[in-house]
Amino acid sequence: MTASTAPLTRRRRMFPAWFRDVLSRPSGAIGLAIIVVHLAIALLAPMVVPYDFAAQDSKAMFADPSAQHWLGGDHLGRDVLTRTLMGGREAILVSTMATGVAVLWGGLFGIFLAFAGRFVDEASMRMVDALLAIPWILFVMLFVAGLGTGMGVLIPILGISYGLSIVRIVRAAALDVVTRDFILAARARGERRSVVIVHEMLPNVLDTLAVQAAMTWSWMLLGFSSLSFLGFGATPPTPDWGLMIADARSAMMVSPWPVLAPMIALSSLIIGINLLSDGLAKALGVDRMKKSAV
Amino acid sequence: MVRLIIQRILSSAITLALLTVFVFFAVELLPGDTCTAYLGRDAKGDRLEICRENMGLNDPALKRFATWASGALVGDFGVSPYRNKPVSEIVGWRMRNTIVLALSASLFGIPLAIFFGIIAGIRRDKPVDMVLSSTSILAMTVPEFVSATLLILVFSISLGWTSGVVTAPADAPIGVLLGSTILPTVALALVFAAHILRMVRSSVIDVMESEYVAMARLKGLPFRWILLRHVLPNSLLPAINVIGLTVAWLLGGVVVIESVFNFPGLGRLSVDAVADRDLPLTQCIVLILATGYIVTNLLTDLASLLLNPRLRTFRG
């Protein structure tokens, strides 16, 4: 017998189906590649950069790109390449952790509201709507004015602020699920509310949540960099893209590289995350912008 | 109809009231108060007591909230300890400047976005659409301060067409101000026009796929007739609400854009206020900008209610 063995033994795949689906789309594959490169640079940079990020060399002040300084020097004579390679570390750390906070509280609270219904839901959504009327940057700045800046303040505040829209979106998705029979069955079985939320509701809104998480990550990175640019994020002499752009802006006409290099780095990472979230949305079938051309 | 309008207005009023409560008590719950922020976190002794007495911070929180909120209603936001001037006086001109900037960005950006959105929609997946769609995605994803700085680099430094930073004082006459508002306007319009463009595009595509458009085409009506009579009215109505929502981006973007261009408006003032830890001033600006958002959304809601008869029967 020369029967094929294929149909009976299922081949073990390294990645789950949705992940392969993301990778098979150009936006997902390119986006993921950009992110991986950025993460690798952020992790490895301290070991490979040619200079100390704070070392000032008066000869390199406003230097044009050369063999010693591939991207030239900034207004204090610091190596631009070194600072650009190191510049994403704090931004990536803060934005990733703040995204975690946002997804966790936004996701759980959103499901809880759909589940609680009635007065609690109505009152909470009123409050969320009111808070969403404050542009996020002012929301964060209101707290920075009172508490000062620093990671310990920014991570929770950014997380709370960006979690508000996740509450809305997850609540809407959960409202669809909450009326289904299996939820009724779980409640009839006498499961505790927390068990129903985590075991029955959560898996059913996970797709929506994942896409929101990816998008929130890119907004968060944009948010933290904007705060750095305004002087409320990373503190000098930490190399940070937003801060570097703010610092080097006044000398743009003398040497554009100290501004352009961090701009390209920051924009490429944000675009990468956006591409990934786009691929993720299409793979999971929760397309945020239907029929989009690109 | 009247009931619906009253409903919308009431709901906006409730949102506004909740917002006022939040802006006051968020600061209240934080460690420290206006005086410790002003004098330094570990200030103690007589100076702190005198400052608190002057600011009325020794009164109970509810009483202070009543004073603050009722003052805010008539435009009195108290005194800034850092600037030693009434907040309303500091804010006055800058509010006008921000309104000028926001209006010119809207007048420039919205028609352009609608126009290109329609083109992208009817030329779906054609090269024009590809270019417009990817440009708008790029404008949406690249941070405002990056695109604004690039604009300065290209149009002010390389080409020398216009000045990169605004040097006009806060109380400059509008004519002077407008002259140096071109780049900030473009930078601000870029981001939110991109959002509107994408919304209009997908809305146009929805209508183009509808049966009544197919019917009109089968009847052999000329395309521009179909476009004017069927596609435009039906696809632009939903866009009105989106325009209201993108005002949120506009108002948030104001903070960054004004700082980049040194524009003397509320956004840059808020950055200064936060840097100085001037709490009363910060609270005032947050409240003003958020109110602007709520009012614009109410207006666009009412406008679409007026223009779109189908909405009037909804739950009415």
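Here is the naming used below: chain letters follow the sequence lines, and residue numbers restart at 1 for every chain. All values reported here derive from a predicted model rather than from experimental measurement.
With a 4.5 Å cut-off on side-chain heavy atoms, Arg126(A) and Ser11(B) count as touching. Ser270(B) places a side-chain heavy atom less than 4.5 Å from the side chain of Leu138(A). Side-chain contact between Leu222(A) and Glu144(B): present, with at least one pair of heavy atoms (C-beta onward) separated by less than 4.5 Å. Side-chain contact between Tyr293(B) and Ile134(A) is absent, with no heavy atoms from C-beta onward closer than 4.5 Å.
When each of Val23(B), Val271(B), Val142(B), Thr282(B) is scored by its heavy-atom pairs under 4.5 Å with chain A, the top score falls to Val271(B). Highest contact tally toward chain A, considering only Ile152(B), Val286(B), Thr141(B), is held by Thr141(B) [criterion: heavy-atom pairs under 4.5 Å]. With chain A as the partner, the residue from Ile285(B), Leu289(B), Val260(B) showing the most heavy-atom pairs under 4.5 Å is Val260(B). Most heavy-atom pairs under 4.5 Å with chain A: of the set Leu19(B), Ile14(B), Val256(B), Leu132(B), this distinction falls to Leu19(B). With chain B as partner, the option from Ile270(A), Leu221(A), Leu260(A) having the largest number of non-hydrogen pairs under 4.5 angstrom is Ile270(A).
Heavy-atom minimum distance, Ser267(A) versus Val146(B): OG-CG1, 3.9 Å. Residues Met127(A) and Leu18(B) come closest through the heavy atom pair SD-CD2, 3.8 Å. Here the shortest heavy-atom pairing between Arg249(A) and Ser259(B) reads NH2-O, 4.2 Å. For the pair Ala130(A) and Thr15(B), the tightest heavy-atom approach, listed with the atom from each and the gap, is CA-CG2, 3.5 Å.
Ser12(B) does not touch chain A: none of its heavy atoms, backbone or side chain, sits under 4.5 Å away. For chain A, the nearby part of Ile294(B) is the side chain; its heavy atoms alone come within less than 4.5 Å. Within the 4.5 angstrom heavy-atom criterion, no atom of Leu16(B) approaches chain A. With a threshold of 4.5 angstrom between heavy atoms, Ser218(A) does not approach chain B through any atom at all. For Leu287(B), no part lies near chain A; criterion is any non-hydrogen pair under 4.5 Å. For a residue to count as touching a neighbouring chain, one of its non-hydrogen atoms must lie under 4.5 Å from one of that chain's; by this rule Val254(B) does not touch chain A. Contacts between Ile245(A) and chain B at a heavy-atom distance below 4.5 Å involve the side chain alone, from C-beta outward.
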Pair Met141(A)-Val255(B), side chain to side chain contact (heavy atoms under 4.5 Å, CB included): steps then yes or no: CA-CA 10 Å; Met141(A) 276 163 58; Val255(B) 176; 4.0 Å; yes
Go through the steps to decide whether Leu266(A) and Phe145(B) satisfy the test side chain to side chain contact (heavy atoms under 4.5 Å, CB included), and finish with yes or no. CA-CA 11 Å; Leu266(A) 174 62; Phe145(B) 65 93; 3.7 Å; yes
Yes or no on side chain to side chain contact (heavy atoms under 4.5 Å, CB included) for Leu138(B) and Ile271(A), after CA distance, side-chain angles and deciding distance? CA-CA 8 Å; Leu138(B) 210 62; Ile271(A) 290 170; 3.6 Å; yes
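Taking 4.5 Å as the heavy-atom cut-off, none of the residues of residues 157-172 of chain A approach chain B.
Counted within 6.0 Å of CZ on Arg123(B), heavy atoms from surrounding residues, nucleotides or ligands total 12 or fewer; the atom is thus considered open. A 6.0 Å sphere centred on CH2 of Trp68(B) holds more than 12 heavy atoms belonging to other residues, nucleotides or ligands. More than 12 heavy atoms of other residues, nucleotides or ligands lie within 6.0 Å of CE in Met208(B), so this atom counts as buried by the packing criterion.
Taken to the nearest 0.5 Å, the OG atom of Ser27(A) stands 9.5 Å off from the CD1 atom of Ile137(B). For the atom pair CE (Met263(A)) and OG1 (Thr149(B)), the distance works out to 4.0 Å, reported to the nearest 0.5 Å. Atom CG of Leu142(A) sits about 7.5 Å away from atom CG of Leu279(B), to the nearest 0.5 Å.
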